[in-house]
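Predicted model, so just to flag it, every value in this text is computed and none were measured.
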Amino acid sequence: MLFVPGDSERKFAKGSASGADALILDLEDAVAPSMKEMARAHVAGLIDAKAQNNWMFFVRVNPLNTGLTFDDLAAVVKPGLDGVLLPKVNGAADVVRIADELGKLEAAVGMEPGTVRIAVVATETAAAMLNLASYVPAPPRLVAMTWGAEDLAAQIGATDNKEQDGSWAFPYQVARAQCLFAATAAEVLPIDTLYANFRDPAGLEADCRRARRDGFVGRIAIHPDQVEVINRAFSPTPEQIAHAQAVIDAFAAAPDAGTIGIDGKMYDIPHLKAARRTLAGA
Ligand code: COA
Ligand code: MG
């Protein structure tokens, strides 16, 4: 999911051609206060102009404590909008509030109820960290959860959120892991946070591989150059696909077996489930 500042025509053109699964047009922190109104109108116009694209159109609205959220929603809820990303949410109650408003706005513009999905940045406040269990079961419209360390660190009053070697300090490792568990328990997509150094494809790739290993299914990009690296890292390799297919075929050939051997290794039901996930991901 590629972030595109909502006040930039040029970046929207670049983003559309980036290969990202979703663009997130930002009305929040990538837009200066003086540009907020212009960005809102600009993004609304982009949704109107949206042709058939093979990417989803998301908008990151401003958080509830700014007083801007409902005006943002009113401007962008119209045919062509696929979802909203909610920053600085404190828990599922905030999502329910937004979901109710989306329902009203969809009705007003004649959209099918429930069309506009919700993704959240689930760890940007201390209260949010304590409320992660509120996402289970998932509130209406929630499809994905991601996490962020910058706003959380600022709120806590931390002087930094990284170790000297560049890894996340412990509080943010907790945020990352808890986001993963909450999204999994809520049965929505866990999406890893951004990698800020957009001129470091090797570092991004290594970090994506760790995220994929841990169970994240995708990642936020902040620069078009990151999209190809991310898509590659989170896609199963041809070898993984072939192996998954072999596991599925072997179980299909032995419908009453709970465990089988392939090439001298034991496979049981968790391997079958993993193989199905691999093929679904592909
Ligand atoms: N989406 C679309 N296009 C982007 C882009 C993005 N996120 N980031 C950069 N580009 C474009 C630039 O406009 C430039 O296009 P041009 O050649 O037509 O001028 C090209 O890609 C190369 O950009 P580059 O010079 O490498 O970077 P930059 O200095 O222009 O921009 C950032 C750096 C960080 C300002 C920019 O990547 C950005 O705005 N990122 C998104 C920030 C954001 O939305 N943050 C909110 C979530 S944390
Ligand atoms: Mg932020």
Side-chain angles (χ1 to χ4, degrees), residues 1-12 15 22-50 56-109 111 113-129 131 134-135 139-156 191 193-194 220 222:
M1 305 180 84
L2 173 65
F3 262 115
V4 181
D7 57 357
S8 170
E9 186 84 50
R10 192 181 180 105
K11 285 180 183 167
F12 180 71
L23 300 191
I24 307 168
L25 274 291
D26 192 23
L27 299 179
E28 198 213 4
D29 288 347
V31 177
S34 60
M35 301 297 277
K36 293 272 185 203
E37 287 214 12
M38 172 278 194
R40 189 189 278 155
H42 177 238
V43 170
L46 295 174
I47 298 169
D48 283 333
K50 187 191 170 204
M56 300 186 90
F57 200 124
F58 272 68
V59 174
R60 180 167 76 169
V61 295
N62 288 284
L64 284 169
N65 65 4
T66 60
L68 297 170
T69 319
F70 284 61
D71 288 341
D72 288 344
L73 293 173
V76 301
V77 173
K78 47 180 151 180
L81 181 70
D82 296 301
V84 289
L85 176 65
L86 308 180
K88 300 182 181 70
V89 277
N90 287 317
D94 287 350
V95 175
V96 170
R97 251 182 95 186
I98 301 283
D100 286 348
E101 182 67 12
L102 288 173
K104 290 179 197 149
L105 293 169
E106 282 170 345
V109 297
M111 285 170 90
T115 307
V116 180
R117 314 301 176 84
I118 295 178
V120 293
V121 192
T123 67
E124 289 188 305
T125 71
M129 288 301 302
N131 288 335
S134 69
Y135 291 103
R141 300 172 188 260
L142 187 70
V143 292
M145 293 172 70
T146 187
W147 67 286
E150 304 308 327
D151 292 282
L152 182 58
Q155 200 202 27
I156 295 170
I191 307 289
T193 196
L194 59 92
I220 299 289
I222 47 145

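Put simply, CZ on R40 and CG on L27 are 7.5 Å apart, with the number rounded to the nearest 0.5 Å. Within the model, atoms CD of E106 and CG of L73 stand 10.5 Å from one another, a figure rounded to the nearest 0.5 Å. Within the model, atoms CZ of F58 and CG of L25 stand 12.0 Å from one another, a figure rounded to the nearest 0.5 Å. Residue L194 holds its CG atom at 5.5 Å from CD1 of I222, rounded to the nearest 0.5 Å. In this structure, N62 CG and D29 CG are separated by 7.5 Å, a value rounded to the nearest 0.5 Å. Atom NZ of K78 and atom CE of M111 lie 10.5 Å apart (nearest 0.5 Å).
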### D72/R60 under side-chain contact (heavy atoms from CB on, under 4.5 Å): CA gap, chis, key distance, verdict
CA-CA 9 Å; D72 288 344; R60 180 167 76 169; over 6 Å; no

| task | Give the intermediate values and the outcome of side-chain contact (heavy atoms from CB on, under 4.5 Å) for residues F12 and L23. | result | CA-CA 9 Å; F12 180 71; L23 300 191; 4.0 Å; yes

(message) Using the rule given for salt bridge (charged side-chain N to carboxylate O under 4.0 Å, His left out), can you reason through D82 versus K50, listing the C-alpha separation, both sets of side-chain angles and the distance that settles it, and then say yes or no?
(response) CA-CA 11 Å; D82 296 301; K50 187 191 170 204; 3.2 Å; yes

What's the verdict on side-chain contact (heavy atoms from CB on, under 4.5 Å) for V121 and L86, showing C-alpha distance, side-chain angles and the deciding distance? CA-CA 6 Å; V121 192; L86 308 180; over 6 Å; no

Quiz item: Where do L2 and I24 land on the side-chain contact (heavy atoms from CB on, under 4.5 Å) test, with the steps shown first?
Solution: CA-CA 6 Å; L2 173 65; I24 307 168; over 6 Å; no

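Within a 6.0 Å radius of CZ in R117, other residues, nucleotides and ligands contribute 12 heavy atoms or fewer.
Remark: side-chain polar atoms of S8 are not paired, donor with acceptor, to backbone N or O of P5 under 3.5 angstrom. With hydrogens and angles ignored, the 3.5 Å screen pairs a side-chain donor or acceptor of D26 with a backbone N or O of A30.
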Exercise answer: donor-acceptor pairs, residues 92-102 side-chain atoms, under 3.5 Å, sequence neighbours excluded:
residue : atom : partner : partner atom : Å
D94     : OD2  : N90     : N            : 2.7

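Nearest heavy-atom pair, K88 versus T125, reported as atom, atom and distance to 0.1 Å: O-CG2, 4.2 Å. Residues F57 and L81 approach most closely at O-CD1, 3.6 Å, considering heavy atoms. Minimum heavy-atom separation, A144 to L142: O-CD1, 3.7 Å. Of all heavy-atom pairs between P87 and E28, the closest is CB-OE1, 3.4 Å. In plain terms, the two heavy atoms of T123 and W147 that are nearest each other are OG1-CB, 3.2 Å. Residues T146 and I191 come closest through the heavy atom pair OG1-O, 2.7 Å.
With contacts defined as side-chain heavy-atom distances shorter than 4.5 Å, the pair T115/V77 does not qualify. I220 has its side chain out of reach of T193: every pair of non-hydrogen atoms, C-beta onward, lies at least 4.5 Å apart.
In terms of the salt bridge (Lys or Arg N to Asp or Glu O under 4.0 Å) criterion, K36 has no residue partners (sequence neighbours excluded).
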